[in-house]
Amino acid sequence: MLFRSRAIDWLALATWAQARWHQPLSVADLAAVACLSPSQFAQRCRDELGVSAMHWLRAQRLLHARQLRDKGVAVSEAARRTGYRSPSALTAALRKAGDRG
């Protein structure tokens, strides 16, 4: 018998996280929303997306910051809206990812 687990709605999870960038988010928080234990969620993230859960979360935060910057939002405002501790932290993350900042 093959066990089939419930699919994770990654888009809905990203939307949920985006509404909470102002607070620290953990793997346990994401797992709770996905109705999984933290270890199950972490494993599913690696299996389905090929990255750790925290890598996925950081990538989602950076994607949202990029979208804001592409709309002309100032670095300081994009940093505030996406939970970066400072505009320079966002700029450093963008540079590390290969963006101009």
Side-chain angles (χ1 to χ4, degrees):
M1 173 187 240
L2 178 64
F3 175 72
R4 289 193 51 99
S5 54
R6 182 170 30 153
I8 295 174
D9 184 341
W10 294 104
L11 181 58
L13 188 59
T15 301
W16 177 88
Q18 182 175 328
R20 290 157 182 81
W21 289 149
H22 60 282
Q23 64 192 46
L25 296 176
S26 68
V27 173
D29 297 325
L30 298 170
V33 173
C35 299
L36 296 168
S37 72
S39 62
Q40 289 172 320
F41 180 79
Q43 186 62 50
R44 293 276 300 275
C45 199
R46 282 189 300 274
D47 291 347
E48 295 178 22
L49 304 177
V51 296
S52 73
M54 289 312 291
H55 180 92
W56 176 82
L57 185 61
R58 282 189 305 270
Q60 293 303 307
R61 189 181 302 266
L62 191 58
L63 174 63
H64 187 215
R66 274 191 199 111
Q67 291 167 341
L68 292 172
R69 292 291 293 134
D70 289 346
K71 291 179 182 175
V73 174
V75 173
S76 59
E77 181 63 13
R80 187 190 67 74
R81 289 190 199 178
T82 54
Y84 282 89
R85 63 185 180 277
S86 68
S88 60
L90 172 56
T91 300
L94 288 167
R95 281 193 186 128
K96 183 176 180 182
D99 295 10
R100 69 184 188 303

Heavy atoms of A78 and R69 approach each other most closely as CB-CD, 4.0 Å

Spacing of OH belonging to Y84 relative to OG1 belonging to T91, to within rounding of 0.5 Å:
10.0 Å

Trace of the side chain to side chain contact (heavy atoms under 4.5 Å, CB included) decision for W16 with D29
CA-CA 10 Å; W16 177 88; D29 297 325; 4.1 Å; yes

Minimum heavy-atom distance A14-Q60, with the two atoms named
CB-OE1, 3.4 Å

Which side-chain N or O atoms in residues 45-53 pair as donor and acceptor under 3.5 Å with protein atoms at least two apart or in another chain?
{"unit_1": "R46", "atom_1": "NH2", "unit_2": "Q43", "atom_2": "OE1", "d": "2.9"}
{"unit_1": "D47", "atom_1": "OD1", "unit_2": "Q43", "atom_2": "NE2", "d": "2.7"}
{"unit_1": "D47", "atom_1": "OD2", "unit_2": "Q43", "atom_2": "NE2", "d": "3.4"}
{"unit_1": "E48", "atom_1": "OE1", "unit_2": "W10", "atom_2": "NE1", "d": "2.9"}
{"unit_1": "E48", "atom_1": "OE2", "unit_2": "R44", "atom_2": "NE", "d": "2.5"}
{"unit_1": "E48", "atom_1": "OE2", "unit_2": "R44", "atom_2": "NH2", "d": "3.0"}
{"unit_1": "S52", "atom_1": "OG", "unit_2": "H55", "atom_2": "N", "d": "3.0"}

Is V75 reachable from W21 through a run of hydrophobic residues whose side-chain heavy atoms are each under 4.5 Å from the next?
no

Supply the atom-to-atom distance T82 OG1 to E77 CD, rounded to the nearest 0.5 angstrom.
9.5 Å

Is there a path of hydrophobic side-chain contacts, each under 4.5 Å between heavy atoms of I/L/V/M/F/W/Y residues, joining L25 to I8?
yes

Do you know the tightest heavy-atom contact between L57 and A17?
CD1-CB, 4.0 Å

Say you draw a straight line from CG of L62 to NZ of K96; how long is it, rounded to the nearest 0.5 Å?
10.5 Å

To the nearest 0.5 Å, what is the distance between OG1 (T15) and NE2 (H64)?
10.0 Å

Separation of L90 CG from R66 CZ (nearest 0.5 Å):
10.0 Å

Can you tell me how far the CG atom of L13 sits from the CD atom of Q18, to the nearest 0.5 Å?
12.0 Å

Might you point out which heavy atoms bring A34 and R6 nearest each other, and give the distance in Å?
O-NH2, 4.3 Å

Does one hydrophobic cluster hold both L36 and W56, with members joined at side-chain heavy-atom distances below 4.5 Å?
yes

For a quick test of reading the model, state the closest non-hydrogen atom pair linking A19 to H22 and the distance between them.
O-CE1, 3.4 Å

Under 3.5 Å: donor-acceptor pair, side chain of Q40, backbone of S37
yes

